[in-house]
Amino acid sequence: MIKINDEVKKALEKGKPVVALESTIISHGMPYPKNVKTALEVEQAIREHGAIPATIGIINGVAVVGMTSDEIEQFGKRQEIVKVSRRDLPVVYAKKMWAATTVAATMIIASQVGIEVFVTGGIGGVHRHATETMDISADLQELAKTNVTVVCAGAKAILDLPLTLEYLETMGVPVLGFKTKELPAFYTPHSGLPVDYQLDSYKEAAEVIYHKRQNRLDGGILITNPIPEKYAMDSKVINHAIQKALGEAEQLGIKGKEVTPFLLKKIVELTGGDSLESNIHLVINNAIVGAEISKEYALLK
Ligand code: PSU
Ligand code: MN
């Protein structure tokens, strides 16, 4: 059911560092061709930092761990690719579809093949007004139960960040800041909200993962890594764009899994492409941190 490319398979057998990457960020998170260019640059950054990248997606109903550059190109281009989370997996397998994996679905497949570290841009979370809409990303449930460490740039302010933190606390997910005490807010390094603990080094991050696994404390770990200041958005500009995008989504009645892709696209439009540049830089920055943590973890295992 899962096709692992040879390089990734060998690395996993030998206990070498491997970093998982998702495909929804390619198909639904960024426009073509920058999505493809970014995905390949992220893989390159992981290699330069001594780990093997494994981009995960579903091709003709088969989960692929370690897509080729041609396959990544297809994920960037094809319009019919569906965004899939836990609930969709059995259906796209049965129907032999092409499907892009969200954070939740990527975590599932990564854990099934034994990849611990997964790098992305941002996770889904509790949406604003979730008390009425009940829109809570399945990514949070997955973090509660699946044994994968997710390196991200925090959660976007399109979400309700305080409620997202409450949810993760209830679910027993450690929320850690890489060299910060503050939860980063994706486009900016600052949310004004504290994380549970600050991690001071790659080694310390690896030790937290090690102790969670050794003690069989099942579930994910969230490592939040702030966007470097020089690539960050001006918080007034981004907050204005977010407010406007949220308003349009409500007016148009956007629901369910369309919400996040709609908001991301709108924000890129409203910021004249600036938010896309920030997004690209923060993912590459996360790739470096994820690769370094996976190297340290490989030494401990
Ligand atoms: N945030 C981003 N870019 C993305 C996503 C989130 O900045 O591409 C994607 C991820 O794949 C994430 C998914 O898992 O959106 C969450 O979707 P939802 O909110 O529908 O759960
Ligand atoms: Mn949702």
Side-chain angles (χ1 to χ4, degrees), residues 20-32 34-36 38-39 42 55-58 75-76 81-89 99-110 118-144 146 148 150-161 163-164 167-168 184-188 220 222 224-225 227 231 233 238 241-242 245-246 249-250 253-268 271 275-287:
L21 298 162
E22 60 152 312
S23 43
T24 294
I25 189 174
I26 306 173
S27 63
H28 292 71
M30 291 184 190
Y32 182 79
K34 284 201 175 164
N35 53 0
V36 173
T38 304
V42 165
T55 301
I56 295 177
I58 296 162
F75 270 77
I81 291 181
V82 292
K83 169 186 166 191
V84 296
S85 197
R86 172 177 278 271
R87 67 170 184 171
D88 310 281
L89 285 176
T101 51
T102 57
V103 168
T106 306
M107 286 179 75
I108 294 169
I109 296 164
F118 163 25
V119 163
T120 188
I123 58 160
V126 179
H127 281 259
R128 298 193 193 179
H129 310 295
T131 45
E132 292 137 49
T133 64
M134 290 183 68
D135 189 353
I136 300 173
S137 174
D139 291 352
L140 300 186
Q141 273 295 321
E142 213 56 55
L143 280 161
T146 300
V148 168
V150 179
V151 179
C152 70
K156 275 168 303 300
I158 58 173
L159 302 167
D160 187 319
L161 298 182
L163 285 190
T164 301
Y167 195 96
L168 290 167
F186 197 80
Y187 301 112
T188 72
L222 193 63
T224 64
N225 180 39
I227 184 171
Y231 301 124
M233 297 282 299
I238 192 66
I242 287 170
L246 285 167
E250 203 185 324
I254 309 286
K255 295 255 154 36
K257 66 181 184 181
E258 317 301 335
V259 173
T260 299
F262 175 88
L263 292 173
L264 289 172
K265 190 159 168 250
K266 260 290 152 236
I267 292 167
V268 173
T271 59
S275 71
L276 180 58
E277 292 311 309
S278 291
N279 199 345
I280 291 168
H281 286 295
L282 69 84
V283 185
I284 293 170
N285 186 48
N286 292 345

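Whatever order the structure lists ligands and atoms in, that order sets their numbers, starting from 1. Residue numbers run from 1 in the order of the sequence given. This structure is a prediction, so every number in the text was calculated from the model and none was measured.
Within the model, atoms CG of Leu140 and CD1 of Ile123 stand 5.5 Å from one another, a figure rounded to the nearest 0.5 Å. The distance from atom CD1 of Ile238 to atom CD1 of Ile267, rounded to the nearest 0.5 Å, is 5.5 Å. Once rounded to the nearest 0.5 Å, the distance linking NE2 of His127 with OG1 of Thr164 reads 8.5 Å. The structure places CE of Met107 at 4.5 Å from CG of Leu143, a figure rounded to the nearest 0.5 Å. With rounding to the nearest 0.5 angstrom, the CZ atom of Phe186 is 8.5 Å from the CD1 atom of Ile158. Atom CD of Glu22 and atom CZ of Phe118 lie 4.5 Å apart (nearest 0.5 Å).
Side chain of Asn286 to main chain of Val119: no donor-acceptor pair is present (N/O by atom type, distance under 3.5 Å, no hydrogens or angles).
Close N/O approach between Lys257 and ligand 1 is not found [any backbone or side-chain N/O within under 3.5 Å]. Residue Asp139 places at least one N or O, backbone or side chain, under 3.5 Å from an N or O of ligand 1. Considering backbone and side-chain atoms alike, Val103 places an N or O below 3.5 Å from some N or O of ligand 1. By the 3.5 Å distance cut-off applied to N or O atoms, Ser137 is counted among the residues near ligand 1.
Under a 4.0 Å criterion applied to the non-hydrogen atoms of Gly29, ligand 1 contributes the atoms 8 (O). Atoms of ligand 1 found under 4.0 Å from any heavy atom of Thr102, numbered from 1 in the order shown, are 11 (O), 14 (O). Those atoms of ligand 1 that come under 4.0 Å of a heavy atom in Lys83, given as number and element, are 17 (O), 18 (P), 20 (O). Residue contact check: His127 has heavy atoms under 4.0 Å from atoms 19 (O) of ligand 1. Of all the atoms in ligand 1, the ones that sit under 4.0 Å from a non-hydrogen atom of Lys156 are 1 (N), 2 (C), 6 (C), 7 (O). The distance from ligand 1 to the heavy atoms of Glu22 drops below 4.0 Å at these ligand atoms: 10 (C), 11 (O). Taking a cut-off of under 4.0 Å to the non-hydrogen atoms of Phe186, the atoms of ligand 1 that pass are 7 (O).
The residue among Leu282, Thr260, Asn279 with a heavy atom at the shortest distance from atom 19 (O) of ligand 1 is Thr260. Nearest to atom 4 (C) of ligand 1 by heavy-atom distance, out of Thr24, Leu264, Thr101, Ile267, is Leu264.
Counting just the N/O/S atoms of Asp135, the one with the shortest distance to the Mn ion (ligand 2) is named OD1.
Looking only at heavy atoms of the protein, atom 8 (O) of ligand 1 is closest to Ile25 CA, 3.4 Å. Nearest protein heavy-atom contact of atom 6 (C) of ligand 1 is Gly122 O, 3.5 Å.
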Would you sort out whether Glu258 and Lys265 count as a salt bridge (Lys or Arg N to Asp or Glu O under 4.0 Å), showing the intermediate values?
CA-CA 11 Å; Glu258 317 301 335; Lys265 190 159 168 250; over 6 Å; no
Check against side-chain contact (heavy atoms from CB on, under 4.5 Å), Asp88 and Val82:
CA-CA 9 Å; Asp88 310 281; Val82 292; over 6 Å; no
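Around atom CD of Glu277, more than 12 heavy atoms belonging to other residues, nucleotides or ligands sit under 6.0 Å away.
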